[in-house]
There are 2 protein chains.
Amino acid sequence: MGLTKSHQFSLYQNDIASIAKAIGHPARVAIIEILLTKKNCICNDIVDILPLAQATISQHLKELKTAGIIQGTIEGKTLCYCINNEKIKLLSEFLQSVKNHQISCDC
Amino acid sequence: MGLTKSHQFSLYQNDIASIAKAIGHPARVAIIEILLTKKNCICNDIVDILPLAQATISQHLKELKTAGIIQGTIEGKTLCYCINNEKIKLLSEFLQSVKNHQISCDC
DNA sequence: ACATCATATCGTAATATTGCAATCTGTAAA
DNA sequence: TTTACAGATTGCAATATTACGATATGATGT
């Protein structure tokens, strides 16, 4: 036990969940916010900004990358990260449909 | 170690993260979808629909409730769950701002 | 009162996540 | 080539999550 039964759920449900899960940590929300303040790409000041060790941030970046939320390209000595809107859109549309399907509720 | 450094991040960042985290499991995405198919409230068929034990589903419902995504009211013998749009909106608006801030990127 | 049904809670095992120091890798400057 | 820097990876400890059987709780019907 303790193993998530992913195979029991649809591809879509797993996809939505993995995007949301990637956003589900304050450090990763912070990273996304930092990526937005920089014009487009950021070449890693993140370590200086956030109160976490370099190894930890590298790990969080990897998770965001694995979930497809950010992309990184090597640019000489440094890495250049930016947000991939595809996944953001997918989750956004899911939330939109939740809002739309919502009917008056007495709860 | 192993303890998330929540206090190092803003209330907003923690809030967004906890909403996303709650959605970050396929079973919980499935539960949300089920709640949408029922007109407004659902009086627990979830256990019959999902391939998980009753205890597990109860736990997932609790997490969604703790995150503020769903609300439950007792209705005689059964419980009546429905979605609370406030939190959905908050995360939705965050994603919207991510999309809006996005500027052309060469990555 | 008793049985029944719907859910919650407890206890526990398996697995995943978080965080960091230390170390490795690859690029660029000296 | 040596040095220095930016990141990634590894190894490990602490903690959290997932899942479920068993049991508790609480309301309804008999």
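Chain letters run A, B, ... following the sequence lines, proteins first, then strands; residues in each count from 1.
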Round to a whole Å and report the spacing from CD of Glu63(B) to C1' of dA16(D).
10 Å
May I have the distance from Leu50(B) (atom CG) to dA19(D) (atom P), rounded to whole angstrom?
11 Å
Is Gln54(A) side chain donor-acceptor paired with the dA8(D) base, going by distance under 3.5 Å alone?
yes
Taking all non-hydrogen atoms of both residues, which atom of Gly72(A) and which atom of Tyr81(A) are closest, and how far apart?
CA-CD2, 3.5 Å
Would you name the heavy atoms of Ala22(B) and Ala67(B) that are closest together and state the gap between them?
CB-CB, 3.5 Å
What's the shortest heavy-atom distance between Ser6(B) and Asn14(B), and which atoms?
O-ND2, 2.9 Å
In this structure, how many angstroms lie between the C1' atom of dT7(C) and the CG atom of Asp45(B), rounded?
13 Å
Sub-4.5 Å side-chain heavy-atom contact between Leu50(A) and Thr56(A)
no
Starting at atom NE2 of His25(B), determine the distance to atom P of dT17(D), rounded to an integer number of angstrom.
12 Å
Starting from P on dT18(C), measure out to CD1 on Ile57(A) and report it in whole angstrom.
14 Å
Taking the side chain as every heavy atom from C-beta outward, state whether Phe94(A) and Ile32(B) have any atom pair closer than 4.5 Å.
yes
For Gly24(A) and Ala55(A), take the nucleotide of DNA chain C holding the closest heavy atom to each; which residue's nucleotide lies nearer the 5' end?
Gly24(A)
Between His60(A) and His25(A), how do the two ring planes meet: parallel, tilted or perpendicular, split at 30° and 60°?
tilted
Separation of dG19(C) atom P from Leu52(A) atom CG, nearest Å, is 6 Å
Round to a whole Å and report the spacing from NE2 of His60(B) to C1' of dT17(D).
9 Å
Any side-chain N or O of Thr56(B) under 4.0 Å from OP1/OP2 of dT18(D)?
no
What heavy-atom pair brings Leu52(B) and Ala27(B) nearest, and what distance separates the two atoms?
CD1-CB, 3.7 Å
Atom of Lys87(A), atom of Ile19(A) and distance for their closest heavy-atom approach
O-CD1, 3.7 Å
Starting at CD of Gln59(B) and ending at P of dC10(C), how long is that distance when rounded to a whole Å?
11 Å
Whichever of Lys65(A) and Ala53(B) has the more 5' nearest nucleotide on DNA chain D, that residue is Lys65(A)
In dot-bracket form, how is DNA chain D paired, counting a Watson-Crick or G-U wobble pair only if both its distances are under 3.5 Å and using | for bases paired to another strand?
||||||||||||||||||||||||||||||
Is any side-chain nitrogen or oxygen of Ser58(A) closer than 4.0 Å to OP1 or OP2 of dG7(D)?
no
Under the salt bridge (charged side-chain N to carboxylate O under 4.0 Å, His left out) definition, can you give me all pairs with a residue in residues 51-65 of chain A, not counting sequence neighbours?
Arg28(A)-Glu63(A)
Let's see if you get this right: which residues in residues 8-21 of chain A place a heavy atom under 4.0 Å from DNA chain D?
none
